[in-house]
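Convention: sequence-line order gives letters A, B, ...; per-chain numbering from 1.
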Number of protein chains: 2
Amino acid sequence: MAAEGSQTLERGLMALRMIAEERDGLTASEVGARLGVHRSVAYRLLGALVRQGFAAKDDANRYRVGLAFFTLAELTRPPLLDAARPVLRDLAAELGVTACLVVPEGNDAVAVAVVEPPGSGARLSYRVGNRDPLDLGAGGLALLAALPPRPGEPGRVAEVRARGYALTCEELIPGVFGVASPVVRQAHEQPAAVTTLTHREDLARQAVPAVLAAAERLTRALAAPGPRDH
Amino acid sequence: MAAEGSQTLERGLMALRMIAEERDGLTASEVGARLGVHRSVAYRLLGALVRQGFAAKDDANRYRVGLAFFTLAELTRPPLLDAARPVLRDLAAELGVTACLVVPEGNDAVAVAVVEPPGSGARLSYRVGNRDPLDLGAGGLALLAALPPRPGEPGRVAEVRARGYALTCEELIPGVFGVASPVVRQAHEQPAAVTTLTHREDLARQAVPAVLAAAERLTRALAAPGPRDH
DNA sequence: ACAACGTGTTTCGTTATGTGCAACAAGAGG
DNA sequence: CCTCTTGTTGCACATAACGAAACACGTTGT
């Protein structure tokens with residue numbers, strides 16, 4: 001089940017990920033260095049990305065993601081993301097914590113949306129695309145509770161399933177508390193979970209009702225037929 | 001300035017675009033047929049896309065876009081798109097027309113967001129990613145009016161610049177009228193334009209004030225510091 | 001002023017790499 | 001039952017990607 005091959009494609013996709021993750025873009029030399037290949041190779045890879053519209057070259061020869069990337073992403077964007085944004089924003093504003101939406105992939109929980117609280121106070125930053133094991137952390141536990149039972153899942157998942165939320169203390173990151181609640185979806189669809197991060201335990205405990213309400217609100221929003229913007 | 005090469009990468013990116021544009025995904029054989037290569041080649045290309053997370057294989061061996069694609073798009077998503085969605089939605093609902101946001105690329109106007117009116121009536125459908133020449137159609141003219149003057153731009157651009165909107169009659173598609181107004185942004189930033197499509201001329205003329213208001217609303221929303229969701 | 005360095009960019013020979021074909025397994029349909 | 005199509009994997013060959021070298025250009029430092 002290996003099916004190796006397509007070295008060039010893989011390197012090109014790595015380059016695409018690199019320029020997407022750097023807000024200021026990258027030069028061909030930098031991409032080559034990170035990829036461990038000669039500058040000229042990176043130059044050609046980036047040229048192909050540009051020709052297909054996935055990257056664009058700056059005035060200063062820095063490469064950033066291109067328009068084709070945005071338009072394709074917009075075409076395939078799941079309604080879940082549009083529905084989640086206002087819910088996360090309100091949650092972050094109400095509690096003053098960082099609010100995320102996570103979905104399962106393999107044995108990980110992946111963050112697909114993150115909203116940090118308004119204002120200039122200290123905040124916990126969590127990036128879209130971050131992944132943590134499903135059996136560690138509030139978000140992953142909430143996902144496990146929404147998924148069909150698996151062999152070897154942690155015992156406390158039953159508790160999360162009964163209560164409707166998960167509260168974890170410093171499980172993933174020292175000094176960080178998490179509160180999460182699953183978003184129920186169609187039986188055949190992948191679940192999701194709303195989760196919040198804070199470094200104060202009292203805030204985490206107070207957050208429980210709001211997180212539960214946010215997950216329910218999102219569940220209802222997905223059940224209702226959303227605006228058709230296709 | 002040619003810089004050819006990277007055939008494999010280009011084919012892989014084409015495959016990625018294909019599976020993103022088909023809502024139901026594609027099989028390896030279908031991708032191979034459209035690409036003009038052997039099934040086994042498409043199979044290996046798609047395998048590389050899956051390994052990098054840009055594609056995912058269905059239970060029925062159909063390939064769709066993968067999680068890495070969404071997370072990268074979310075990381076690089078311009079604030080313009082988030083700000084535009086409610087504006088376009090209100091505009092579409094108020095007028096009962098299709099509302100779009102377009103940005104310039106090269107000599108084309110590219111649609112980056114489209115909202116169709118609610119309800120089940122007949123609607124003009126326009127897809128994200130569609131591109132039309134800048135000098136044809138209301139959206140393109142509005143962009144030209146917002147861009148620094150170019151040699152050889154159509155004479156009526158001056159008029160659009162003065163009035164603040166463009167109204168075109170069946171310029172791009174027979175029977176379709178367009179109304180557009182530019183969104184003003186920072187001097188060094190790319191302009192955008194709000195545009196609407198309808199097949200009734202009276203609706204188009206009545207739409208002018210609302211389109212102007214929507215473009216102004218979006219301009220103000222971009223000037224204000226948006227919520228930091230990073 | 002010059003020199004030394006780091007770019008972007010192109011050309012070129014070599015070799016690794018992707019390609020196409022064939023073959024096998026599995027499933028659907030007739 | 002047979003047939004057709006699909007997914008999947010070896011294999012030999014030819015292509016296409018690689019890395020080095022070279023050139024032009026702009027910076028930086030001396």
Hey, is [X] close enough to [Y] for a salt bridge, meaning N to O under 4.0 Å?
X       : Y        : value
A/Arg34 : A/Glu22  : yes
A/Glu21 : A/Arg127 : no
B/Arg85 : A/Glu74  : yes

Rounded off to whole Å, could you give me the [atom1]-to-[atom2] distance for the [X] and [N] pair?
X       : N      : atom1 : atom2 : value
A/Asn61 : C/dT9  : CG    : C1'   : 10 Å
A/Asp58 : C/dT7  : CG    : P     : 16 Å
A/Lys57 : C/dG8  : NZ    : P     : 8 Å
B/Leu46 : C/dG18 : CG    : C1'   : 15 Å
A/His38 : C/dT9  : NE2   : P     : 15 Å
A/Arg11 : D/dA17 : CZ    : P     : 12 Å
A/Asp59 : C/dG8  : CG    : P     : 14 Å
A/Gln7  : C/dT19 : CD    : C1'   : 15 Å

Between the base of D/dG7 and the side chain of B/Arg39, is there any donor-acceptor pair under 3.5 Å?
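Per atom types, the contact qualifies.
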
Quick check: on DNA chain C, is the nucleotide nearest B/Gly36 upstream (toward 5') of the one nearest A/Ser29, or the reverse? Name the residue that is more 5'.
A/Ser29

Residue closer to the 5' end of DNA chain C, A/Thr8 versus A/Glu30 (nearest nucleotide)
A/Glu30

Quick check for you: among C/dC12, C/dT9, D/dG10, whose closest atom lies nearest to any side-chain atom of A/Tyr63?
C/dT9

Please check the phosphate of D/dT6 (OP1 and OP2 only) for any side-chain N or O of B/Tyr43 closer than 4.0 Å.
no

Heavy-atom donor-acceptor pair, B/Glu171 side chain to B/Gly137 backbone, under 3.5 Å:
yes

Apply side chain to side chain contact (heavy atoms under 4.5 Å, CB included) to residues A/Val31 and A/Tyr63 and explain how you reach the verdict.
CA-CA 9 Å; A/Val31 171; A/Tyr63 291 85; 5.9 Å; no

Considering every strand and a 4.0 Å limit on heavy-atom distances, what is the contact class for A/Ser6: base, sugar-phosphate, or nothing?
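Here A/Ser6 touches the backbone only, sparing every base.
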
